[in-house]
> 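Just passing along the structure, written as C-alpha cells.
Here the structure is a predicted model, which means the values were calculated and not measured.
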Amino acid sequence: MGISLENVSYIYQAGTPFEGRALFELTTTIKDGSYTAFIGHTGSGKSTLVNLLLRIYNAPEGSIYIDGKDIMKATVQSVREHIAYVPQDNFLFSDTIASNIAFGADHLTKEQIEEAARKADVHRNIMDFPEQYDTVVGERGTTLSGGQKQRVSIARALILDAPILILDDSLSAVDTKTEELILENLKEVREGKTNIIIAHRISTVRHADHIVVLEEGRVAEHGNHESLLEMQGIYADMYEKQQLEEELSEA
C-alpha cells in the first residue's frame, strides 16, 4: 500500500507536552512495497508524522492517502488494521513472552511465534531463560532488557503481517550489528510490503530506498544514502558526527 501526504500541517496547542513541535506543509510519497525512512533531530516532526498516519491526531490542513484513499474518510479502526506499529517505548503485558509476541493475532502455532522471534533476532535470548517462551515478563516487560523488549515488539509486529509496518525509533536500544541483521531479515520477510522507518541513527536508514530528512517540521532533503551524502547538507553533517562518535567510543 502506498501512502501520499499532500501539504500536511499540524501545530500542537500551547500547554501540551509537544508545544512548539509541528509539521508544515509536508508533501511526500511513500511508494507501495518500498522502504522509506524519516530521519531528523529531536523535534523535527518525526513523531508527529507517525501520530497523523495512525490517526492519533487528525491533520487540520492537507490530506493523507493510503492506497489512494483519504484516511479521513475511513474509520480509525480500518486505518490501523492496515498498519503494524512498533514504538520506541514498547509496551509489554505481564504475560508470557509467547503471548506477548502473539498478541493481536489468533490461532498462531509455536513454530510461527518462534519464526517471528528469529526474524527479530531475539529467539536465542528467549531460549536462555529457564522457562524460554513461557517466561512471564514483569509489568511493562521489566524482565527483559531494553533491546530485548524492542525485538519482542518487532516479532509481534511481524506476525501481524500488515500491509504497512512502522518502526518508530524501535531499534535504538540494540547494537549496530544486531540492527543490521534485523533489517536484513525485514527485507526478506517484508518484501512487497510497505515499510516506514523512523530513526535518529544513520545506520538504521542508510539502506532505505528513499530517505526523507525532516528539519523543524519541514522536508529539508530527500534521496538515498549516497545522494544525500553528496548534497553535503543536514544528512551528511549527521553522518559525519555519528561516525566520529562511533570512532571515539571504540577508542
Side-chain angles (χ1 to χ4, degrees), residues 1-89 157 162-170 172 193-202 204-205 208-225 227-228 231 233-239:
M1 285 185 166
I3 301 172
S4 296
L5 297 97
E6 298 180 0
N7 297 312
V8 174
S9 296
Y10 189 90
I11 300 174
Y12 291 96
Q13 298 299 312
T16 63
F18 299 105
E19 179 182 352
R21 301 185 186 184
L23 288 177
F24 301 101
E25 299 180 349
L26 178 65
T27 297
T28 191
T29 298
I30 300 166
K31 293 183 179 180
D32 182 21
S34 70
Y35 274 79
T36 299
F38 291 85
I39 192 167
H41 300 293
T42 301
S44 61
K46 302 187 303 297
S47 295
T48 304
L49 171 64
V50 172
N51 288 335
L52 294 177
L53 289 174
L54 292 170
R55 284 199 60 187
I56 294 173
Y57 306 126
N58 293 325
E61 298 178 31
S63 301
I64 301 174
Y65 300 93
I66 294 180
D67 201 26
K69 300 172 184 175
D70 189 338
I71 66 171
M72 293 305 296
K73 295 181 179 178
T75 64
V76 174
Q77 180 181 353
S78 65
V79 170
R80 294 179 184 173
E81 282 176 349
H82 291 91
I83 301 174
Y85 171 55
V86 185
Q88 179 182 11
D89 185 18
I164 299 169
L165 172 67
I166 300 177
L167 300 182
D168 187 3
D169 214 17
S170 48
S172 58
K193 297 183 175 67
T194 301
N195 306 280
I196 301 171
I197 300 173
I198 312 292
H200 289 89
R201 292 196 310 212
I202 299 290
T204 312
V205 307
D209 302 312
H210 187 218
I211 303 168
V212 179
V213 182
L214 296 178
E215 182 76 5
E216 296 183 350
R218 293 179 169 87
V219 175
E221 301 167 355
H222 67 93
N224 60 23
H225 177 70
S227 66
L228 286 168
M231 289 180 191
I234 297 169
Y235 184 89
D237 184 59
M238 292 176 66
Y239 178 72

> So which atom in Pro60 and which in Ser9 form the shortest heavy-atom distance, rounded to 0.1 Å?
CD-O, 3.4 Å
> Check the angle between the aromatic planes of Tyr12 and Tyr57 and answer parallel, tilted or perpendicular using the 30° and 60° thresholds.
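Aromatic pair Tyr12/Tyr57 classed perpendicular.
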> What's the separation between atom CD1 in Ile197 and atom OG1 in Thr204, rounded to the nearest 0.5 Å?
7.5 Å
> Let's go through Glu61 and Asn7 carefully: what are the C-alpha distance in whole Å and the side-chain angles of both, what is the deciding distance for side chain to side chain contact (heavy atoms under 4.5 Å, CB included) to 0.1 Å, and is it a yes or a no?
CA-CA 7 Å; Glu61 298 178 31; Asn7 297 312; over 6 Å; no
> Would Thr27 and Val219 count as a side chain to side chain contact (heavy atoms under 4.5 Å, CB included) here? Give the steps.
CA-CA 8 Å; Thr27 297; Val219 175; over 6 Å; no
> Show your reasoning for whether side chain to side chain contact (heavy atoms under 4.5 Å, CB included) applies to Glu25 and Arg218.
CA-CA 7 Å; Glu25 299 180 349; Arg218 293 179 169 87; over 6 Å; no
> Supply the atom-to-atom distance Thr36 OG1 to Ile164 CD1, rounded to the nearest 0.5 angstrom.
11.0 Å
> Just by modelled atom types, is the Met1 backbone N or O under 3.5 Å from a matching donor or acceptor in the Thr194 side chain?
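Yes.
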> Please list every donor-acceptor pair under 3.5 Å in which a side-chain atom of residues 67-76 meets a protein atom from a residue at least two apart or in another chain.
residue	atom	partner	partner atom	Å
Asp70	OD1	Met72	N	2.9
Thr75	OG1	Ser78	N	3.0
Thr75	OG1	Ser78	OG	3.0

> Please tell me if the side chains of Phe24 and Ile11 come closer than 4.5 Å, counting only heavy atoms from C-beta onward.
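Yes, at least one pair of side-chain atoms sits under 4.5 Å.
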> Please report the closest heavy-atom contact between Pro87 and Ser170, naming both atoms and the distance.
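Looks like O-CB, 3.7 Å.
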> Could you grab the distance from atom OH of Tyr10 to atom CG of Leu23, nearest 0.5 Å is fine?
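If I round to the nearest 0.5 Å, the distance is 10.0 Å.
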> Ignoring hydrogens and angles, tell me if any N or O in the side chain of Lys46 forms a donor-acceptor pair with the backbone of Gly40 under 3.5 Å.
yes
> For atom CD of Glu216, decide whether the heavy atoms of other residues, nucleotides or ligands shown that lie under 6.0 angstrom number more than 12.
no
> Say you draw a straight line from CG of Leu167 to OH of Tyr85; how long is it, rounded to the nearest 0.5 Å?
10.0 Å
> Any side-chain heavy atom of Ile202 within less than 4.5 Å of one from His225?
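Sidechains of His225 and Ile202: in contact.
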> Which pair of non-hydrogen atoms, one from His222 and one from Met231, has the smallest distance, and what is that distance?
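The answer is O-CE, 3.4 Å.
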> Side chains of Thr48 and Asn51: do they bring a donor and an acceptor to under 3.5 Å?
no
> Could you report the tightest heavy-atom contact between Ala199 and Ile39, atom names first, then the distance?
O-CG1, 3.2 Å
> Taking all non-hydrogen atoms of both residues, which atom of Asp168 and which atom of Ser47 are closest, and how far apart?
OD2-OG, 4.5 Å
> Report the distance from atom NZ of Lys193 to atom NE2 of His82, rounding to the nearest 0.5 Å.
13.0 Å
> Would you check if Ile211 and Glu221 make a side-chain contact, meaning some heavy-atom pair closer than 4.5 Å?
no
> Mind listing the closest non-hydrogen atom pair of Val8 and Ser63 along with its distance?
CG2-O, 3.4 Å
> Is there a side chain to side chain contact (heavy atoms under 4.5 Å, CB included) between Phe38 and Ile30 once you walk through the steps?
CA-CA 11 Å; Phe38 291 85; Ile30 300 166; 3.9 Å; yes
> How long is the straight-line distance from CZ of Arg201 back to CE of Met238, given to the nearest 0.5 Å?
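Between Met238 CE and Arg201 CZ, I get 12.0 Å after rounding to 0.5 Å.
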> Check whether any side-chain heavy atom of Leu53 sits under 4.5 Å from a side-chain heavy atom of Ile196, and report yes or no.
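Side chain of Leu53 against side chain of Ile196, heavy atoms only: contact under 4.5 Å found.
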